[in-house]
Every structure is written in C-alpha cells, then in structure tokens.
Amino acid sequence: MARLLLPLPIAAAAASRLRLPVLSSSVARREALLFGGRVAAARAPVRLARRGVSAGAEAGGSSSAAAAAQVIGQDEAVEWVKKDRRRMLHVVYRVGDLDKTIKFYTECLGMKLLRKRDIPEERYTNAFLGYGPEDSHFVVELTYNYGVESYDIGTAFGHFGIAVEDVAKTVDLIKAKGGTVTREPGPVKGGKSVIAFIEDPDGYKFELIERGPTPEPLCQLMLRVGDLDHAINFYEKAFGMELLRKRDNPQYKYTIAMMGYGPEDKNAVLELTYNYGVKEYDKGNAYAQIAISTDDVYKTAEVIRQNGGQITREPGPLPGINTKITACTDPDGWKTVFVDNVDFLKELEE
C-alpha cells in the first residue's frame, strides 16, 4: 500500500512508492479473491509513485477537470456509485517516535508490522501495521518525518476503534506496558457494549470494543463534523457508503452516524460525530487522510464534485507508473484519496 500522505511544510515534498511482494496468481484469480464476487466491496490496497501527490500536483489542470466533468451525469451517478467496488484501504497519520509507536501497537494492541520503509532522501520513514494483509484489511500507515517529535492532533479527530475479545484483559496488558488508560472498562453510556479508552504514545485515542472474533479488528475511525445530515448525505452519494445506523444522545448532547461499505462486525466503518452546536473544529497537523478503492477515478471525481466535495488532485495516472488516483476533501475538510482497482491489480503482476 502506498504512502498517500500529503506533505507538511516541515516534511518531505512527495508521496512514496512502496513495493509489495509479487504474487504468482493471475489477475482474474486475484480479483475473485479480493472482491469475493461482490460488487460493493473492493479488496485492493494501493501503491503510489514516490512523486505525484506533492503540493504542486494537487491542483491539477483545467483540461483534466473538463474531461472528468463529461464522464458521468447526475442521474447516472446515483446508480453508479452504488455499484463501484470500494473499500476503506488505510488511514494515514504522523507520529513522533516510530519505533516506540510500533512497539506499542504490536505489544499492546496485537497488530503486526506489515512493512516499513525509510526514504532518507525525502527525510521520512513510514510503517504499515494491521491485523492482516493489506489486500484484505484496513491498516494504519504511520509516518515519521525526520526531526519532528510531536504534532497537534487538534479537536476534530476523534479516535480509532479496535475490537477485542476481552477489554479488561487488554487494558491490564496496556497498563503493565506503561500505557495510558483514559476510561476504565465498562458499559458504554446508554448501552450494554463493554468499552474502554486508551491513548498511544502520541496521544491518539483508541476505543477498545468488546466483541467476538471478527475479520476486521481495526473496525472504526471516528471524525467530528459540523453538520451531520450534510455529512451523511455526502458520504452516501459521493462516497457510496451506507448509513449503517444513527444514534442521538441528547443527554450528552451528541449524535453519531456509522457509515461504511458493509456491516460493522465485518468491515471498518467511519463514525461521524456531531456535538450539539459545534460547527467547526481544529484539525491540527497530525491526522492526514484515508484511502479508498474505486473502479474509476474519473467518475469518482465528478460524483464528488456534484455532491459538494473539493477535488485537490485531478484524476489521472501518477508520474512514473500508470496507477490512477484522485484526491479530495469532504464538506468538513477531511481528506480522502481514491485509487483505481484494476491498475493496482496489474501492478501486483509486475
């Protein structure tokens, strides 16, 4: 999976190209495995060129925008986005001590270090961790920029959710390893699910959720939004996500909506949170973005435009390779990169 992290002024300028192992199966066989015969859920990770998602490349050209605008009409877009094969691939964020964070995630949270790569000429290192292969699981992409020891998480980013079979046991392990527990195990307010909250070495919050065995333990990404109904409408129509459930908590003055490409017990989902009366948040400079798969980045870009999103990188192939991507922000300014499924499958055969 590629480094899709857009650079900070203090960081290196470009996204990196990360090589995955070459597998011997054919594209057709791999597609059957990755997509499982389903139209709605892609199983392809992503790889990007080292250069191409730089600040300069974000703007794109007017000719590309014009071409994309002719790809799909509004009526067709509604049906097409429902059929597009999409999956949440990975989430990108910055950390101040990569080795310390890797140690915490592997020893306390049970993740595996999938890949690690140092790019000294661009002064960053990144590492991919998760609970299974990148071609079938939602994973985290940690980025360490040389010499930067801390970041501002801000107030907009919420937390990650991890499903564990025994919350109390996991909390005891984290305490034994010197980790920070901010909420002791117990039932969620107004419900029966047992949860706990912890923080990693950089202050990112993790909600531990007690569940039985699941194929996707890294199960949630919570982000705060200023207009929940507007956000739900955008993610349904532009991103093709389904509103899995919505819960209002007037006693605590917040409402949540679970959005995703499949049921919560089997897929990673996006948890959007609206706090009564709060329209804007500080995003800081720590959290970066998520990556999502698609069958057509050109159509994806136009559907995003039609529904009020802003394209920050025009759709098209990256310099140096043929993988097509497009990048955007939602109405609240959250960043997402979409990556072409077929191009990725072809790359795996190289």
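Everything quoted here is computed from the prediction, not taken from an experiment. Counting begins at 1 with the first residue of the sequence. Values below: all heavy atoms of this structure, side chains included; hydrogens, waters and symmetry mates excluded.
- Closest of all the heavy-atom pairs between Ala127 and Leu113 is CB-CD1, 3.9 Å.
- Scanning both residues, Val303 and Ala238, for their nearest heavy atoms gives CG1-CA, 3.7 Å.
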Decide yes or no on salt bridge (charged side-chain N to carboxylate O under 4.0 Å, His left out) for Glu314 and Arg305, but give the supporting numbers first. CA-CA 11 Å; Glu314 293 296 339; Arg305 284 193 181 93; 2.5 Å; yes
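- For Lys279, the NZ atom sits in a packed shell: over 12 heavy atoms of surrounding residues, nucleotides or ligands are nearer than 6.0 Å.
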Could you go step by step and tell me if Glu207 and Arg183 meet the side-chain contact (heavy atoms from CB on, under 4.5 Å) rule? CA-CA 9 Å; Glu207 179 182 12; Arg183 184 199 191 274; over 6 Å; no
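- By the 4.5 Å heavy-atom criterion applied to side chains, Met241 and Ile292 are counted as neighbours.
- The backbone N or O of Ala231 sits nowhere less than 3.5 Å from a side-chain atom of Asp332 that would complete a donor-acceptor pair.
- The hydrophobic clustering, which links ILVMFWY residues whose side-chain heavy atoms are closer than 4.5 Å, places Val225 and Ile232 together.
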Give the intermediate values and the outcome of side-chain contact (heavy atoms from CB on, under 4.5 Å) for residues Thr326 and Tyr298. CA-CA 8 Å; Thr326 190; Tyr298 298 96; over 6 Å; no
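- Of the possible polar contacts, one joining the Arg94 side chain to the Asn285 backbone as a donor-acceptor pair under 3.5 Å is found.
- No chain of hydrophobic side-chain contacts below 4.5 Å, direct or via other Ile, Leu, Val, Met, Phe, Trp or Tyr residues, connects Val81 to Leu244.
- For the pair Leu272 and Phe234, the minimum side-chain heavy-atom distance is 4.5 Å or more.
- Taking each heavy atom of Asp340 and Val297 in turn, the nearest pair found is N-CG1, 3.8 Å.
- In this structure, the side chains of Ser193 and Glu210 stay at 4.5 Å or more apart for every pair of heavy atoms.
- Annotation: the span from Lys237 atom NZ to Gln74 atom CD amounts to 9.5 Å, rounded to 0.5 Å.
- For the residue pair Asp84 and Thr294, a side-chain donor N or O sits within less than 3.5 Å of a side-chain acceptor on the partner.
- Across all non-hydrogen atoms, the minimal contact from Lys335 to Ala288 is CB-O, 3.7 Å.
- Atom CE of Met259 is separated from atom CD of Glu242 by 8.5 Å, given to the nearest 0.5 angstrom.
- For the pair Lys283 and Ala156, the tightest heavy-atom approach, listed with the atom from each and the gap, is CG-CB, 3.8 Å.
- Atoms OG1 and CG, on Thr300 and Asp295 in that order, are 8.0 Å from each other to the nearest 0.5 Å.
- Counting only heavy atoms from C-beta outward, the side chains of Met222 and Lys205 never approach each other to under 4.5 Å.
- Within the 4.5 Å cutoff, side-chain heavy atoms of Ile198 are placed close to those of Phe104.
- Using modelled atom types and a 3.5 Å distance limit, the side chains of Asp248 and Thr255 yield a donor-acceptor pair.
- Between Phe239 and Tyr235, the ring planes lie perpendicular to each other; the angle is over 60°, past the 30° to 60° tilted range.
- Panel note: side chain Asn249, backbone Gln251; no donor-acceptor pair is recorded below 3.5 Å.
- Residues Asp97 and Lys103 are not paired through a salt bridge, judged by the lack of any N-O separation under 4.0 Å between the basic side chain and the carboxylate.
- When the side chains of ILVMFWY residues are joined at heavy-atom separations under 4.5 Å, either directly or via intervening members, Val181 and Val167 end up in a single hydrophobic cluster.
- Between the side chains of Tyr281 and Asn275, at least one donor N or O sits under 3.5 Å from an acceptor N or O.
- Residues Phe206 and Phe160 bring their aromatic ring centres within 6.0 Å.
- Aromatic ring pairs are classed by plane angle as parallel below 30°, tilted from 30° to 60° and perpendicular above 60°; the pair His159 and Phe197 is perpendicular.
- Under a hydrophobic clustering in which Ile, Leu, Val, Met, Phe, Trp and Tyr are joined whenever their side-chain heavy atoms come within less than 4.5 Å, directly or via other members, Ile290 and Tyr93 fall into the same cluster.
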Show your working on side-chain contact (heavy atoms from CB on, under 4.5 Å) between Glu134 and Leu89 and close with a plain yes or no. CA-CA 7 Å; Glu134 294 172 56; Leu89 301 173; over 6 Å; no
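- With Gln306 contributing its side chain and Ile72 its backbone, the two residues share a donor-acceptor pair below 3.5 Å.
- Between the CG atom in Asn267 and the OH atom in Tyr261 there is a gap of 11.0 Å [rounded to 0.5 Å].
- Using a 4.5 Å heavy-atom threshold, the side chains of Lys246 and Asp229 count as touching.
- Between Phe157 and Tyr204, the ring planes are perpendicular. Angles over 60° get that label, and only those under 30° would be called parallel.
- Note that CG of Leu270 is 5.5 Å distant from CG of Leu223, once rounded to the nearest 0.5 Å.
- Looking at His90, its side chain never comes within 3.5 Å of a backbone N or O of Leu129 through a donor-acceptor pair.
- With a 6.0 Å cutoff to the six-membered ring centre and a 45° limit on the axis angle, Arg115 counts as a cation-pi contact of Phe128.
- Using a 4.0 Å cut-off between charged side-chain N and carboxylate O, Arg211 and Glu216 make no salt bridge.
- Looking at every heavy atom in both residues, Ile304 comes nearest to Phe338 through CD1-CE1, 3.7 Å.
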Test side-chain contact (heavy atoms from CB on, under 4.5 Å) on Val278 and Arg224 and set out the steps. CA-CA 9 Å; Val278 184; Arg224 297 183 175 93; over 6 Å; no
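- The side-chain heavy atoms of Glu264 and Gln220, taken from C-beta on, include a pair separated by under 4.5 Å.
- Atom CD of Glu302 and atom CD1 of Ile311 lie 8.5 Å apart (nearest 0.5 Å).
- Side-chain atoms of Asp118 and Tyr146 include a donor-acceptor pair closer than 3.5 Å.
- For Arg313 (side chain) and Val337 (main-chain N/O), no donor-acceptor pair under 3.5 Å exists by modelled atom type.
- Asp202 and Thr101 share a donor-acceptor pair across their side chains, judged by distance under 3.5 Å alone.
- Leu109 and Ile209 are members of different hydrophobic clusters when ILVMFWY side chains are connected at heavy-atom separations under 4.5 Å.
- Side-chain atoms of Thr155 come within 3.5 Å of backbone atoms of Asp282 as a donor-acceptor pair (strictly under, hydrogens ignored).
- In summary, of the residues considered (Lys112, Lys100, Lys177), a salt bridge (charged side-chain N to carboxylate O under 4.0 Å, His left out) with Glu107 occurs for Lys177 alone.
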